[in-house]
Amino acid sequence: MLLVLYFAVLAPMLKVDDSKNKEIPNLLPGEVLGTNNRILLMEHIEKADIQSIEVHNDNGTYTMYRGDDDQFYLEGNEGAPYSMTALSSLVVSSGYTLSMTRVTEDCSDMSVYGLAESDNPAWYVLTKVDGNSHKVYIGDMIPTGAGYYVKYGDRNAVYVLEASLAATLLADVRDIITPILSYPISSTTYFQTKDFYIYRHGEPFVWITYLDDEEVKKQAKTGYGVYKMLYPTDYTPSSTNYDAVLQKFANFVGLRVVELGNTGDTMPDETLLKYGIDPENPAYLVHYNYSGVDNYIMFSEQQEDGTYYAYSMLFNLIATVSPDTVNFLNWDLIKFVDRPIFQKNINDVSKIEIISKDANETFILEGEGTTIQITPQSTGKTFDADMLQNFRQFYKVILSLEMEDYTENESTDDLYLTMIVTTDAGVVTEYKFYPYSTRRCFYTINGEGEFYCLRDWVEKVAADCNRAVKGEPIDSEGKY
């Protein structure tokens, strides 16, 4: 019957007619004449005049409403980060009802179009700021797929609206929500992110923080720089790789929202578990603080299609996430660590102790810049200008100690050299070096370690320590 209706009645009516002499249709009460003599089901209502849009369709029910601050919110999920583009499309679909055609002025059997009460058609109510409201029902798709049959309120006329309704008034509310997972950080101040850490299966993996201006003033002589690694130990964070991670949070969004919880609530455990997210022991947990806002994101294991499920505690939503967005979740620790083992500025150091089988000395550092004074405790004599310059070469040797890769041997049975550095702020860091092959040397920082450096360079530190005390020339770039 629908095919007969289409070829006999609807098809001719849907043909585009650009003629200026197109016949003006008779308008029913409430209808408005639109462009090209097409009929609007009701007055054109723009966003500024809309108080709320209540939507009922096969995917559920939701309402977008205007708040006291003149912004739109999702009722019951006021904190939900909806898409402005999606909202604009919803406003156009609901407020600008320019029909493709009016099929009939007085329909005796709405079930033909899927608009009978027994068909349970989708519908929406648009309420204006002046309190007036409009209700529109959406029935079956027309045979060509180019639109949907609709009716306005109690009016018996049937119209066809464009198929774009499928992406707005017939869509799932989750398609309107932006799958944002955390509080966005600025692309210019991203480095001010504090307490960034990752847990894997309930165990801490890495923790890096930022020393803000106030902290720098309090401990300006720590020599840590902007970033400080708090776990697993005082490794120097890789500025390149860590910066790349932080910049991801300027727009940290998933692919699609799959679950949306009420604002202020937490997602039920059974819902999280449905997506492989164990609330007590998630596969991954990421946290960071930016502008005083704490962000917690839980992740599932990687799915068969490569994606992850992520739960944003801040926005109480679960979304699918591209592996490219969270590639850092599976990084080895070495990618978060800078290669130089020691990076403190000489002006920020008050004491360096070298304890080795081949050297044993403590250097006291006072002042800074051109007025800096270096005194070895073994002699008690402050270095003159030439010996001071020689000591600076020794300091470059220490700065040249570099991490190479993961160690194959974490034995601490054969300690060769201990270096203890005290900053002007009183922060003490202990470095220990344990050779385990002719070329490699396992090292720890404050008792923690998993990398190795070159043995020759550690032996050079001991040898050049003695040279510095004796005033013998030191080549900071030369071999042992």
Exercise. Can you check side-chain contact (heavy atoms from CB on, under 4.5 Å) on Leu181 and Leu317, steps first, answer last?
Worked result: CA-CA 8 Å; Leu181 298 169; Leu317 62 81; 4.1 Å; yes
Exercise. Could you walk me through whether Phe342 and Tyr395 pass the ring pair (Phe, Tyr, Trp, His ring centres under 6.0 Å) check?
Worked result: CA-CA 10 Å; Phe342 175 84; Tyr395 198 84; 5.7 Å; yes
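In this structure, a donor-acceptor pair under 3.5 Å is absent between the side chains of Glu368 and Thr371.
At a threshold of 4.0 Å, the pair Lys344-Asp348 does not count as salt-bridged, since none of the basic side-chain nitrogens sits closer than that to a carboxylate oxygen. A salt bridge does not link Lys274 with Glu270: every distance from a Lys NZ or Arg NE/NH1/NH2 to an Asp or Glu carboxylate oxygen is 4.0 Å or more. With respect to the salt-bridge test (charged N to carboxylate O, under 4.0 angstrom), the residues Glu404 and Arg339 qualify. A salt bridge is absent between Lys460 and Asp456; no separation between the charged side-chain nitrogens and carboxylate oxygens falls under 4.0 Å. Ion pairing between Lys357 and Asp414 holds under the 4.0 Å rule for side-chain N and carboxylate O. Under the 4.0 Å criterion applied to side-chain N and carboxylate O atoms, Lys335 and Asp332 are not assigned as salt-bridge partners.
Within a 6.0 Å radius of CG in Asp58, other residues, nucleotides and ligands contribute 12 heavy atoms or fewer.
Ring to ring, Tyr197 and Tyr199 are close: their centroids are under 6.0 angstrom apart.
The ring pair (Phe, Tyr, Trp, His ring centres under 6.0 Å) analysis of residues 63-85, with sequence neighbours excluded, yields no pairs.
Shortest non-hydrogen contact noted between Asp49 and Arg66 is N-NH2, 4.2 Å. Taking each heavy atom of Asn59 and Asn57 in turn, the nearest pair found is N-OD1, 2.7 Å.
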Under 3.5 Å donor-acceptor pairs involving side-chain atoms of residues 251-261, not counting sequence neighbours:
{"unit_1": "Arg256", "atom_1": "NE", "unit_2": "Asp175", "atom_2": "OD1", "d": "3.0"}
{"unit_1": "Arg256", "atom_1": "NH2", "unit_2": "Asp175", "atom_2": "OD1", "d": "3.2"}
{"unit_1": "Glu259", "atom_1": "OE2", "unit_2": "Tyr275", "atom_2": "OH", "d": "2.8"}

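With hydrogens and angles disregarded, a donor-acceptor distance shorter than 3.5 Å links the side chain of Tyr124 to the backbone of Ser94. With hydrogens and angles ignored, the 3.5 Å screen pairs no side-chain donor or acceptor of Thr271 with any backbone N or O of Met267.
Under a cutoff of 6.0 Å and an axis angle of 45°, Arg200 and Phe205 form a cation-pi pair.
Classification of the Phe451-Tyr443 ring pair by plane angle, with boundaries at 30° and 60°, yields tilted.
With sequence neighbours excluded, the residues that form a side chain to side chain contact (heavy atoms under 4.5 Å, CB included) with Asn466 are Ala359.
A heavy-atom distance below 4.5 Å is found between the side chains of His287 and Asp294.
Applying the side-chain contact (heavy atoms from CB on, under 4.5 Å) test between Ile198 and each of Tyr231, Trp331, Phe336, Tyr288 identifies Phe336 as the sole match.
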